[in-house]
Amino acid sequence: MGSLLSLKVSILFVVLVICQLSQGFYLPGSYPHKYEVGDPLTVKVNSLTSIDTEMPFSYYSLPFCQPKEGIKDSAENLGELLMGDRIENSPYRFKMYTNETQIFLCQTKPLSGEEFKLLKKRIDEMYQVNVILDNLPAIRYTKKDGYMLRWTGYPVGAKVDEGYYIFNHLKFTVLVHKFEDSNVARVMGTGDAAEMIPPEGNQGSAVPGYMVVGFEVVPCSFQHKPESVKNLKMYNKYPASIICDPNTVAMPIKENEPLAFSYEVSFVEKDIKWPSRWDAYLKMEGAKVHWFSILNSLMVITFLAGIVLVIFLRTVRRDLTQYEELDKEAQAQMNEELSGWKLVVADVFRAPSNPALLCVMVGNGVQILGMAVVTILFAALGFMSPASRGTLISGMLFFYMVLGIAAGYVAVRLWRTIFCGDHKGWIGVSWKVSCFFPGISFLIFTFLNFLLWGSHSTGAIPFSLFVILILLWFCISVPLTLVGGYFGAKAPHIEYPVRTNQIPREIPQQKYPSWLLVLGAGTLPFGTLFIELFFIMSSLWMGRVYYVFGFLFVVLLLLVVVCAEVSLVLTYMHLCVEDWKWWWKSFFASGSVAIYIFLYSINYLIFDLKSLSGPVSATLYLGYSLFMVLAIMLATGTVGFLSSFWFVHYLFSSVKLD
């Protein structure tokens, strides 16, 4: 009876969830907020950003109006701080569904020489002001060549005929939608239900509630009359009419003269459902080209990888079949006349040079690859949406630390396999794994952070956050890696199917250098991701929102398959020419894709980021690109090495050679 009741409850729960999903998918922690008419709306400001310098600065680093209650920082997570976001309160004050015009904000003190120079510099560097309402960034629409362009934020000012003008009047439009009582809180029993579900029988039914589903801004440059603003206080009404024309400028910036600021806000009811309110931000230009390019790339690479795999399997199988069909006498005679990969049977498992470094890099590669797969999967499922700022970076850090167990396990077990079961030195290997990639990353980011500190950018990581990151590293990541190493030391090592001679076999002179083949092998994996790479780079450096994580997950899986196949083919080719030093070559055969990605990054800097100004900005770009390339090299190299190791082990255990 109890089981039948629980079954009915489960079926009812599933039906309710499916019904709710048909209306819209609500992300965890991002439920709609109900506002009644006249309720205050909190407007916040984020860091000033520019695609010209890639260095964010605090909103209040410029002479803007400050709120009466003083500047207060909003609670930010680790990911937001690492991204350079500094969300603060603002003097803008809205009331739900209450249109207001000609609202005077403040008049600044006369601009000092430093403030005047700084304003001109920020205008030259194309800095954007980012305003946030109900977690939605302000969006701006402009027309160019008949096309409507979307921008987040608005420019600080404009330069016209050697004169500098500031956008000191803002025309806000808040798009609202009537609050609907059928939301996930009533089904799931989660979220702030007191705020979202009006009590029945109360006046809540008489007073309609609204949700914010859009936030637009039009910046204008307006010349306020000095005598009109002389006695005005914050939020007073400006006595004259303010005509907001975004195509004209009227408020010049002059030294020793004050600036006056004002705004207006209007509310427009739209038929935009709350789950769809981010659609305006996610509509990338050339979306059709984006989808078609990715699909085309996936089809071509899948077809090419299939051909490589078929040819490869047929070649190996033919060699093995021919050998196994011979009788014992013919096999003995053939052993004397062996050629190709069969000749290196006594050397193929000879320990590579720098075995500890190889184990460390493979361990870090497993950790990075696992982090990428899990993070992108969660993002594709909607748990790391643009609505939840910083969750992507925070999630990556969390998964990286947890997967330290896998890194330590793989590195130590590989170490024991190379040395035929000897677990001596496993602690040292585990310690190196926990410090290798994080240590290099720490050095890169510390150097870049000093550059940001010197520029007084909000992108600089505060010292307190540095301490937190170091504590996370040594108190969580390192111990977990040592735990993984302990389990790796206890696990049985992988036994080689053949014995290794004491005297190494001489490798014949090759017609072409093997490193040339290894470097060329990276072109095929690069072909799987170079189209997607453009959109990722545009998201990182051009301020666009990246959201097609489902496609990125498919591309990542395809990249893993191609890296494995490329490394297998190259390893087989090296063995066929009696080159038994395959360990490092299998790693860099697929890891060499990082070289092409770095070259692509330089190409992107020269041709797509033409406006990037100053050596500091270029150094920041190259530093972050170097970090990304290092992570990709370790992840792709690990895939290639592990697949080659499995193949070599399988190949030489399938045929018995004395």
Taking atom [atom1] as the centre, does [X] end up with more than 12 heavy-atom neighbours from other residues, nucleotides or ligands that are less than 6.0 angstrom away?
{"X": "F398", "atom1": "CZ", "answer": "no"}
{"X": "E114", "atom1": "CD", "answer": "no"}
{"X": "Y141", "atom1": "OH", "answer": "yes"}
{"X": "F378", "atom1": "CZ", "answer": "no"}
{"X": "F447", "atom1": "CZ", "answer": "no"}
{"X": "M83", "atom1": "CE", "answer": "no"}

Between [Y] and [X], is there a side-chain heavy-atom distance shorter than 4.5 Å?
{"X": "N46", "Y": "V131", "value": "no"}
{"X": "Y238", "Y": "I103", "value": "no"}
{"X": "M96", "Y": "F94", "value": "no"}

Are the side chain of [X] and the backbone N or O of [Y] linked by a donor-acceptor pair below 3.5 Å?
{"X": "N449", "Y": "I461", "answer": "yes"}
{"X": "S90", "Y": "V43", "answer": "yes"}
{"X": "S457", "Y": "G459", "answer": "yes"}
{"X": "S221", "Y": "M251", "answer": "yes"}
{"X": "T108", "Y": "L259", "answer": "yes"}
{"X": "D608", "Y": "L605", "answer": "no"}
{"X": "E115", "Y": "S112", "answer": "yes"}

Residue pairs, two or more places apart or on separate chains, that pass disulfide bond (SG atoms under 2.5 Å apart) and touch [range]:
{"range": "residues 128-180", "value": "none"}
{"range": "residues 83-135", "value": "C65-C106"}
{"range": "residues 111-141", "value": "none"}
{"range": "residues 225-273", "value": "C220-C244"}

Please determine if R86 and E88 form a salt bridge, counting it only when a charged side-chain N lies under 4.0 Å from a carboxylate O. no
Is a salt bridge present between E125 and R122, judged by a nitrogen-to-oxygen distance below 4.0 Å? yes
Can you sort out the partners of [X] under ring-ring contact (aromatic ring centres under 6.0 Å, His included), two or more places apart, ordered by chain and number?
{"X": "F116", "result": "none"}
{"X": "Y164", "result": "none"}
{"X": "Y92", "result": "F172, Y263"}
{"X": "Y35", "result": "H33"}

Contacts of type side-chain hydrogen bond (donor to acceptor under 3.5 Å, both in side chains), residue [X], not counting sequence neighbours:
{"X": "E216", "result": "none"}
{"X": "Y604", "result": "S538"}
{"X": "R277", "result": "D134"}
{"X": "Q66", "result": "none"}

Would you check if there is a donor-acceptor pair between the side chains of [Y] and [X] at a distance under 3.5 Å?
{"X": "H224", "Y": "S262", "result": "yes"}
{"X": "Y127", "Y": "T53", "result": "yes"}
{"X": "H169", "Y": "E264", "result": "yes"}
{"X": "D85", "Y": "S47", "result": "no"}

Ring of Y235, cation from R93 - is the NZ or CZ under 6.0 Å from the centre and inside 45° of the axis? yes
State the CG-CG distance between N89 and D73, to the nearest 0.5 angstrom. 8.5 Å
Enter the distance from I51:CD1 to S617:OG here, rounded to the nearest 0.5 Å. 11.5 Å
So Y624 and W541, would you call those rings parallel, tilted or perpendicular, with 30° and 60° as cut-offs? tilted
Any idea which heavy atoms bring L118 and S61 closest together, and the distance? CD2-O, 3.5 Å
